[in-house]
2 protein chains.
Amino acid sequence: MNNNSTFKEKLRLSGLRPTKQRIEICKFLFNRRDTFHFTVGELSKILRKKNSEKISLATIYNTVHSFKKKGYLKEISINSDKSYFDTNTSDHHHFLDVNTNQLIDLKNNEVRKVSIKKKIPGKKIKSIEVLVKIENDN
Amino acid sequence: MNNNSTFKEKLRLSGLRPTKQRIEICKFLFNRRDTFHFTVGELSKILRKKNSEKISLATIYNTVHSFKKKGYLKEISINSDKSYFDTNTSDHHHFLDVNTNQLIDLKNNEVRKVSIKKKIPGKKIKSIEVLVKIENDN
DNA sequence: ACACTACTTTAGAATCATTATAAAGTAAGT
DNA sequence: ACTTACTTTATAATGATTCTAAAGTAGTGT
């Protein structure tokens, strides 16, 4: 995803109507080179400052969930009262700095391939997520 | 931890007064061979059925947090609106069955050692948690 | 046993993220 | 333009967790 008309097209192709709210959110989330980690609350605050017209919190929740369902966002499993999302939907892992609560991407080649030796009958592996908690090195 | 007097002693040694609520909770959580995964809400319901005298929800929250702080329980990082705890405090990982929402322990020798190639200056690794999501194998 | 203090338990209120509701707005097709 | 289905929105509802502050209890010293 890159510019307004591309966003419109992408949204339409995904079966999502290209509303101005969705396009605003796309522009903010996907016009960037680096990955971006956020909670819905944070995203809402940032967009409120950035934009003249306010997008309601409910819409941001709806949109983030739609985007996740369509595969444009990934939800990150850390233990928290809030849900974290990631604009990097590729197969990758995370550092979580427990002192600052900051998330940092770990590229796939920075973690040696995790191999699982156990099998559960009738089940297949859907994803493997590695969370590396780091702390100040005193 | 094994029986009542051992629990009392352990609690005292940890700097926690051996109240009857804490001993009840110890008995339920730690008198078992297999690991047990639970949320505070679930634990509360089970104890309410099991025991004659009710333990208040606030106490169960307090106790679970104390036990976690003392290292008798581990909190599991899955993305959920609830917090999951594990009686297995050893270094190990988890399967999460996304169809049933069930957690299954993965022994350490069932996952090939995860090696992290990236370093963050001034930070050290505190823990490495692997969550393997599994689903029905249709 | 008694008294004192610090730690615990408790019910209920408060908080906070998230989801539901239902009314008003808007995109897309006819 | 008209209609329909999808969206947005403010607000209410929900549900897990934490807070509060009053009553209870363990541990210590007398």
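Residue numbers start from 1 in every chain, and the chains themselves are labelled A, B, ... in the order their sequence lines are given, proteins ahead of strands.
Bounding nucleotides for the chain A contact on DNA chain D, 5' to 3', at a heavy-atom distance below 4.0 Å, are dA5(D) to dA10(D).
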Protein proximity profile, nucleotides 25-30 of chain C - base contact B, sugar-phosphate-only contact S, no contact -, cut-off 4.0 Å on heavy atoms: --BS--
Where protein sits on nucleotides 13-21 of chain C, one letter per nucleotide: B base, S sugar-phosphate only, - none, heavy atoms under 4.0 Å: ----SBB--
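Contacts of Gln21(A) classified as side-chain hydrogen bond (donor to acceptor under 3.5 Å, both in side chains), with partners at least two apart in sequence or in another chain: none. Residues passing the salt bridge (Lys or Arg N to Asp or Glu O under 4.0 Å) test with Lys68(B) are Glu75(B), sequence neighbours excluded. Partners of Phe28(A) under the ring pair (Phe, Tyr, Trp, His ring centres under 6.0 Å) rule, at least two apart in sequence or in another chain, are Phe36(A). With sequence neighbours excluded, no residue satisfies ring pair (Phe, Tyr, Trp, His ring centres under 6.0 Å) with Tyr84(A). Scanning for ring pair (Phe, Tyr, Trp, His ring centres under 6.0 Å) contacts around His92(A) gives His94(A), with sequence neighbours left out.
Each end of the helix from dA1(C)-dT30(D) to dT30(C)-dA1(D) yields a helix axis from five base pairs, and these two axes differ in direction by 20° (to the nearest 10 degrees).
Residue pairs that meet the salt bridge (Lys or Arg N to Asp or Glu O under 4.0 Å) test with at least one member in residues 83-103 of chain B, sequence neighbours left out, are Lys123(A)-Asp97(B). Applying the side-chain hydrogen bond (donor to acceptor under 3.5 Å, both in side chains) test to every pair with at least one member in residues 39-50 of chain B, sequence neighbours left out, gives no pairs at all. Under the salt bridge (Lys or Arg N to Asp or Glu O under 4.0 Å) criterion, the residue pairs touching residues 124-138 of chain A are Glu129(A)-Lys133(B), Lys133(A)-Glu129(B), with sequence neighbours excluded.
In this structure, Tyr72(A) and Phe67(A) have perpendicular ring planes: the angle between them is above 60°, well past the 30° mark.
Remark: P of dC7(C) and CD of Gln21(B) are 17 Å apart, rounded to the nearest angstrom.
Salt bridge annotation for Arg12(A)-Glu9(A): absent, with no cationic side-chain nitrogen under 4.0 angstrom from a carboxylate oxygen.
The nearest pair of heavy atoms linking Leu29(A) to Thr87(A) is O-CG2, 3.6 Å.
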Side chain to side chain donor-acceptor pair (under 3.5 Å) evaluation trace for Asn88(A) with His37(A): CA-CA 9 Å; Asn88(A) 178 356; His37(A) 302 120; over 6 Å; no
